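Comments concern the structure below.
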4 protein chains.
Amino acid sequence: MVGTMDGTKQQRRGNTRQRIQDVALQLFAEQGYEKTSLREIAERLDVTKAALYYHFRTKEEIIVSLFEDLTKPIEDLIEWGREQPHTLQTKQEIVRRYSAALTEAEPLFRFMQENQATVRELRIGDTFRDRMRGLKDIIIDPEADLVDQVRSLSALFTLHAGLFVMQDLEGDPERKRKASLEVALDMVRQAHEHARRDR
Amino acid sequence: MVGTMDGTKQQRRGNTRQRIQDVALQLFAEQGYEKTSLREIAERLDVTKAALYYHFRTKEEIIVSLFEDLTKPIEDLIEWGREQPHTLQTKQEIVRRYSAALTEAEPLFRFMQENQATVRELRIGDTFRDRMRGLKDIIIDPEADLVDQVRSLSALFTLHAGLFVMQDLEGDPERKRKASLEVALDMVRQAHEHARRDR
Amino acid sequence: MVGTMDGTKQQRRGNTRQRIQDVALQLFAEQGYEKTSLREIAERLDVTKAALYYHFRTKEEIIVSLFEDLTKPIEDLIEWGREQPHTLQTKQEIVRRYSAALTEAEPLFRFMQENQATVRELRIGDTFRDRMRGLKDIIIDPEADLVDQVRSLSALFTLHAGLFVMQDLEGDPERKRKASLEVALDMVRQAHEHARRDR
Amino acid sequence: MVGTMDGTKQQRRGNTRQRIQDVALQLFAEQGYEKTSLREIAERLDVTKAALYYHFRTKEEIIVSLFEDLTKPIEDLIEWGREQPHTLQTKQEIVRRYSAALTEAEPLFRFMQENQATVRELRIGDTFRDRMRGLKDIIIDPEADLVDQVRSLSALFTLHAGLFVMQDLEGDPERKRKASLEVALDMVRQAHEHARRDR
DNA sequence: AATGAATGAGCGTTCATTCAT
DNA sequence: GATGAATGAACGCTCATTCAT
């Protein structure tokens, strides 16, 4: 149907799997998971639907594979965080690295943010929940005041907001990201200092 | 929700429209918009799919009607806010009332939070975006530092987080809601004071 | 919904039945029978679908009633024709009157012309077939050459064509109708004269 | 039509598309377009409805494909006619070939004749109208008397009548077709001669 | 003379998935 | 490393029709 200029089906050297992931992620992020059909993905790649099934067993497996490939940094981050002392420095480093990880795989996280209902029903839902719990355990002081616990969690959420929600704030994305990070760091600091003072 | 004392077809005296809205909202919030079929809604109500079409012209109209019925308070809130002076008191009152409005129509807002990709493609998407922009304009000082703008916006977002995301924080919902509100108020105060100091 | 200026539902003095027929015929002729729904008819009249069922037992009965009301002249015409001698004058008078009758109830005949497949399955199909057969028996000389039989029948068909098909011929409708009539009369004359000569 | 020697699922080697067209045309011609459902077509072929959608994107595309495949001869005919001198011989040859083309694809033309209201709303409607206009331009002398213009057009219409309407005239179809052709040729001749005489 | 509320059947269409080749 | 051809299930939606009021 599409037919490229030189007649070749353009670089198809075993990288189809990757190309499927790329296109799928783009469409999932743009339109949502349910509204994106395998037909659509296949058409963009100029292959048949059946070809997708050569590389992935189900539609869900496509998103799962993306999740697994792209959230490795966050898994590592949590593992790293668990072994550190619960100091302010650690917490703030977590926030910094989390911000970086979010930015790195922005489309995936945008997708997860905007399709929570879907994600919850997918296999990745539980995994993701566990991760967030892991982060929470590192960043929150279990003996702290509830208000300060909320403040800490909200710091993480501020990072999400910075990426996905504040698009109609003027300013270039990188500056906004840095501003969000600064706010988040500040919130973590406040929560941490209150906790120490209260003891 | 509906409660049937006996096994009969229960009071069907013109309240079907409302019953459809109730069931639909519950299912939309639980499973998402696309994964909830009209068949499912109809079955729960023990009517046929066609009956739904007597009361609503399309599936989308069901969610639109819910949105219109349930977000009136927020519309009013914005209108009120526009006429107030841009003082700290005003901003904090906005936050307080917004928190209350969110809580009031929790299932709808949970739905919107968790189905953003879907909502964006629905008619309500634009309306909602406009509202958030309205809120932003009241709560943000356009001359403030970008960091403080983010802080203000993030305050609103903290309220969302308090309702929908922090479910696995221990503590009863009402206490968590109050804690979120406190954090949000504090963020608004900080943003406001920075702005004044800088002048 | 529609609501007229003075608040009254405009002249509804028992003429609803007629108004249903009018609107239905217009829509049937415009869009075809199957593509016209009772909902559409009801909406145009600003009544409910159920109201239609007060006046007609089924959708089919609406078209049947129109057929019966509007094709009486053709029935009469056939009855008259049967009692006349099979002269050229009779045949030509039939053609003239048929042309007039077609013009009189143009929308109905346009509908029947353009929805033959539908009409065939409706109750009126057989009736109509019988009528055409009646006309044929009057206008055709059974002993004539097949070519002349066709010529006679085609004369009738020319009248149809004049009304419904030749819309993109320039000239005002009345002139075209007269031209069609002239051609039809001429064809009948030719057929008749051949038959006489051959004897 | 298809003919199954044994009760098995018969030769399904890439001829399904054609088989769909065959069955669809038969049913469309018998019952009309709207009254023929895809379910019905699928059942006759012993495939599922979804299989139809592998071969055609919509129901409309089935009829469009039939139209395009079967009316090619008429398109060619018009093209040929445009390049000929406007002599009587040309006009009569057009009529002869048109008659042959109609006969060749009788079911399709019967369908179009009996479902004009439907066809008008389909994509093929405009194309068909254009063709008829093309034929008209060849066969009609624009300076001729309106009566003779009608006579020429009516000649074409006689051919239609010969195929579809005169079924209850006795005589075998081929003889009737020839008789219609003869009448049509005669009408064209009369129209042509009048035009010459008037000059 | 009409409405409000509903039904049952069916429609065209789309989807993820399968499997022989 | 793919395709061609198909399936089964479901979907949103529309229709003519019914009936108590």
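A quick note: this is a predicted structure, and the numbers were derived from the prediction, not measured. So you know, we letter chains A, B, ... as the sequences are listed, proteins then strands, and number each from 1.
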Legend entry - Rounded interatomic separation in angstrom, taking CG from A:Leu52 and C1' from E:dC19: 16 Å

Inset, instruction - Check whether any side-chain heavy atom of B:Arg123 sits under 4.5 Å from a side-chain heavy atom of B:Thr127, and report yes or no. - result: no

Inset, instruction - Report the distance from atom CG of B:Leu45 to atom P of E:dA6, rounded to the nearest whole Å. - result: 10 Å

Legend entry - pair B:Gln116-A:Gln116: side-chain heavy atoms closer than 4.5 Å: yes

Legend entry - Any C:Tyr54 side-chain nitrogen or oxygen under 4.0 Å from OP1 or OP2 of E:dA1: yes

Inset, instruction - May I ask you to evaluate whether B:Thr16 reaches the phosphate of E:dA5, defined as a side-chain N or O under 4.0 Å from OP1 or OP2? - result: no

Inset, instruction - On the 0 to 90° scale, with breaks at 30° and 60°, tag the C:Tyr33-C:Phe28 ring pair as parallel, tilted or perpendicular. - result: tilted

Inset, instruction - Mark up nucleotides 9-16 of chain E, 5' to 3', with B wherever a protein heavy atom is under 4.0 angstrom from a base atom, S wherever such an atom reaches only the sugar-phosphate, and - elsewhere. - result: -BSBBBBB

Legend entry - N or O in side chain of B:His55 less than 4.0 angstrom from E:dG4 OP1/OP2: no

Legend entry - Residues B:Arg39 and B:Glu43 bridged, charged N to O under 4.0 Å: yes

Legend entry - Rounded distance in Å - CZ (B:Phe56) to C1' (F:dT14): 18 Å

Inset, instruction - Find the distance C:Glu43:CD to F:dT14:C1' and express it as a whole number of Å. - result: 12 Å

Inset, instruction - State, with a plain yes or no, whether a side-chain heavy atom of C:Leu66 is found less than 4.5 Å away from one of C:Phe111. - result: no

Inset, instruction - Round to the nearest Å and state the distance from D:Ile20 atom CD1 to F:dA6 atom C1'. - result: 11 Å

Legend entry - Inter-axis angle, terminal five-pair segments of the helix from E:dA2-F:dT21 to E:dT21-F:dA2 [nearest 10°]: 20°

Legend entry - Exam field: side chain A:Arg17 to backbone A:Phe56, donor-acceptor pair closer than 3.5 Å: no

Inset, instruction - Check whether any side-chain heavy atom of A:Arg44 lies under 4.5 Å from a side-chain heavy atom of A:Gln26, and answer yes or no. - result: yes

Inset, instruction - In plain terms, say whether A:Glu121 and B:Lys35 are close enough for a salt bridge, that is, a side-chain N and a carboxylate O under 4.0 Å apart. - result: yes

Inset, instruction - For the residue pair B:Phe128 and B:Phe67, categorise the inter-ring angle as parallel (less than 30°), tilted (30 to 60°) or perpendicular (more than 60°). - result: perpendicular

